[in-house]
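Just below is one structure, and these are the notes that go with it.
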Amino acid sequence: MRAARGVTAAIVLIVMGQQAVAADLAQAASVPQAGASVTEAPSPWQIRLRGLGVVTQDSGYVNAVPGSDLSYSNTVTPELDISYFFTDNIATELILGTTYANIDGQGTIGGLGKIGKVWLLPPTLTLQYHFTDLGAFKPYVGAGVNYTIFYNQDAGSADALKVKNTFGTALQVGFDYMVDQHWGVNFDVKKLFLKPDFDVMVDGAKLTGKAELDPWLIGAGLTYRF
């Protein structure tokens, strides 16, 4: 009987020891090992810094002047945009930048030459869809609204010039190529539909018209995802 009891006690101790070892192994497996890499979810915030080419459509007219036309200078300017990702695919982007445009008479008012120069601030907000199943290559499309503010307006051959602030719409296509989790390069094209009204004084006569700018915004630069 004493031998049987001893064998039974030994079996119980062995089983309890095996259970304790198994529990220790399970706990060790659940704890990250030192030096192991941990993949963090990306921040929803992203910024880009681009060089931006502004290519305008040369079109417009002065009311009550048949055959009148307008043209505008093209420019290059720095541009900053800030993006917020609601999901991996859906984001919104705010584009910030400023530039200027020289306004020249064409057609029957070509003799006026440079009518004036205006600076414009066209903040644009777009809603984007990002394609995320192509690895480091991440194309996107977007559409949104624009409100353009015209400031520092100087008359040239005209006596006075006032281009009026206006709303417009925007279409967008572009891509990011991500070098790592945070840094990438970007190429982006936007089309703004922008047709502000203006008032102009020429030889003491007040005239009105419409400047059909409708610029292409072609940008390239760097992306940083926080």
Side-chain angles (χ1 to χ4, degrees), residues 48-81 92-128 141-174 187-221:
R48 298 188 186 95
L49 181 63
R50 303 187 184 103
L52 191 69
V54 182
V55 182
T56 57
Q57 172 180 297
D58 290 331
S59 184
Y61 55 86
V62 177
N63 293 320
V65 181
S68 60
D69 202 356
L70 299 170
S71 68
Y72 320 97
S73 58
N74 300 324
T75 58
V76 176
T77 186
E79 178 256 345
L80 172 71
D81 78 59
T92 186
E93 179 187 73
L94 177 64
I95 301 107
L96 301 171
T98 188
T99 188
Y100 67 89
N102 293 316
I103 304 173
D104 297 315
Q106 299 289 325
T108 55
I109 59 173
L112 293 175
K114 180 180 174 180
I115 296 172
K117 175 182 178 180
V118 298
W119 281 83
L120 54 152
L121 177 68
T124 303
L125 183 67
T126 61
L127 183 66
Q128 301 171 330
V141 294
V145 295
N146 159 270
Y147 184 73
T148 299
I149 300 166
F150 296 90
Y151 66 99
N152 284 358
Q153 305 191 44
D154 298 319
S157 59
D159 301 323
L161 175 66
K162 174 64 175 178
V163 183
K164 300 178 181 180
N165 301 342
T166 188
F167 281 98
T169 56
L171 296 176
Q172 177 184 36
V173 62
F187 182 76
D188 183 273
V189 177
K190 301 179 192 69
K191 176 67 173 181
L192 300 187
F193 298 92
L194 186 62
K195 297 177 172 62
D197 295 321
F198 66 85
D199 297 331
V200 62
M201 292 283 293
V202 179
D203 293 333
K206 182 178 180 179
L207 301 169
T208 61
K210 187 177 289 290
E212 298 179 351
L213 296 168
D214 291 346
W216 288 94
L217 308 182
I218 303 170

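Residue numbers start at 1 and run along the sequence shown.
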I'd like to know whether Tyr100 forms a side-chain contact (heavy atoms from CB on, under 4.5 Å) with Thr75, so could you lay out the CA-CA distance, the side-chain angles of the two residues, the decisive distance to 0.1 Å, and finally the verdict.
CA-CA 7 Å; Tyr100 67 89; Thr75 58; 3.8 Å; yes
Determine the minimum heavy-atom distance between [X] and [Y], stating which atoms define it.
{"X": "Val200", "Y": "Ala158", "value": "CG2-CB, 3.5 Å"}
{"X": "Lys117", "Y": "Leu161", "value": "N-CD2, 4.4 Å"}
{"X": "Thr56", "Y": "Ser73", "value": "OG1-O, 3.9 Å"}
{"X": "Pro215", "Y": "Val54", "value": "CB-CG1, 4.0 Å"}
{"X": "Thr148", "Y": "Pro122", "value": "OG1-CB, 3.5 Å"}
{"X": "Asp159", "Y": "Gly204", "value": "OD2-N, 3.0 Å"}

Just wondering, do [Y] and [X] contact through their side chains at under 4.5 Å, heavy atoms?
{"X": "Lys190", "Y": "Asp188", "answer": "yes"}
{"X": "Ile149", "Y": "Leu120", "answer": "no"}
{"X": "Leu70", "Y": "Ile109", "answer": "yes"}

From [X] [atom1] over to [Y] [atom2], what is the distance, rounded to the nearest 0.5 angstrom?
{"X": "Ile103", "Y": "Leu213", "atom1": "CD1", "atom2": "CG", "answer": "7.0 Å"}
{"X": "Leu217", "Y": "Thr77", "atom1": "CG", "atom2": "OG1", "answer": "10.5 Å"}
{"X": "Tyr147", "Y": "Leu194", "atom1": "OH", "atom2": "CG", "answer": "11.0 Å"}
{"X": "Ser157", "Y": "Leu112", "atom1": "OG", "atom2": "CG", "answer": "4.5 Å"}
{"X": "Phe198", "Y": "Leu207", "atom1": "CZ", "atom2": "CG", "answer": "8.5 Å"}

Apply side chain to side chain donor-acceptor pair (under 3.5 Å) to the pair Asp69 and Ser71, showing each step before the final yes or no.
CA-CA 7 Å; Asp69 202 356; Ser71 68; over 6 Å; no
Please evaluate residues Phe150 and Lys162 with respect to the criterion side-chain contact (heavy atoms from CB on, under 4.5 Å), reporting the C-alpha separation (whole Å), side-chain torsions for both, the decisive distance (0.1 Å), and the verdict.
CA-CA 9 Å; Phe150 296 90; Lys162 174 64 175 178; over 6 Å; no
Looking only at side-chain N and O atoms, does Thr108 offer a donor or acceptor that is under 3.5 Å from a partner on Ser68?
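Per modelled atom types, Ser68 and Thr108 side chains form no pair under 3.5 Å.
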Could you tell me if Tyr151 and Thr98 have a donor-acceptor pair between their side chains, going purely by distance under 3.5 Å?
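Present: a donor and an acceptor within the cut-off.
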Under the rule for side chain to side chain contact (heavy atoms under 4.5 Å, CB included), what residues qualify as partners of Thr169, not counting sequence neighbours?
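Scan of Thr169 (side chain to side chain contact (heavy atoms under 4.5 Å, CB included), adjacent residues dropped) gives Phe193.
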Between Asn102 and Tyr72, is a side-chain contact (heavy atoms from CB on, under 4.5 Å) present by the stated rule, with each step listed?
CA-CA 5 Å; Asn102 293 316; Tyr72 320 97; over 6 Å; no
Could you list the residues that satisfy side chain to side chain donor-acceptor pair (under 3.5 Å) with Asp214, not counting sequence neighbours?
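In terms of side chain to side chain donor-acceptor pair (under 3.5 Å), with neighbours along the sequence ignored, Asp214 is linked to Lys195.
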Can you sort out the partners of Asp197 under side chain to side chain donor-acceptor pair (under 3.5 Å), two or more places apart, ordered by chain and number?
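By the side chain to side chain donor-acceptor pair (under 3.5 Å) rule, Asp197 matches Lys210.
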Trace of the side-chain contact (heavy atoms from CB on, under 4.5 Å) decision for Ile218 with Leu52
CA-CA 6 Å; Ile218 303 170; Leu52 191 69; 5.8 Å; no
Lys/Arg N to Asp/Glu carboxylate O, Arg48 vs Glu93, below 4.0 Å
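Here Arg48 pairs with Glu93 in a salt bridge, since their nearest N and O are under 4.0 Å apart.
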Could you check Thr208 against Asp199 for side chain to side chain donor-acceptor pair (under 3.5 Å), going step by step and ending with a plain yes or no?
CA-CA 5 Å; Thr208 61; Asp199 297 331; 5.4 Å; no
Take atom CG of Asn63 as the centre, draw a 6.0 Å sphere, and report whether it contains more than 12 heavy atoms from other residues, nucleotides or ligands.
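Correct, the count exceeds 12.
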Test side chain to side chain donor-acceptor pair (under 3.5 Å) applied to Gln106 and Asp58, step by step:
CA-CA 9 Å; Gln106 299 289 325; Asp58 290 331; over 6 Å; no
Under 3.5 Å, is there a donor-acceptor pair between the side chain of Glu79 and the main chain of Leu49?
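Such a contact is absent between Glu79 side chain and Leu49 backbone.
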Going by the side-chain contact (heavy atoms from CB on, under 4.5 Å) test, name the single residue among Asp81, Thr124, Leu125, Thr126 that passes it with Leu94.
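Passing option: Leu125.
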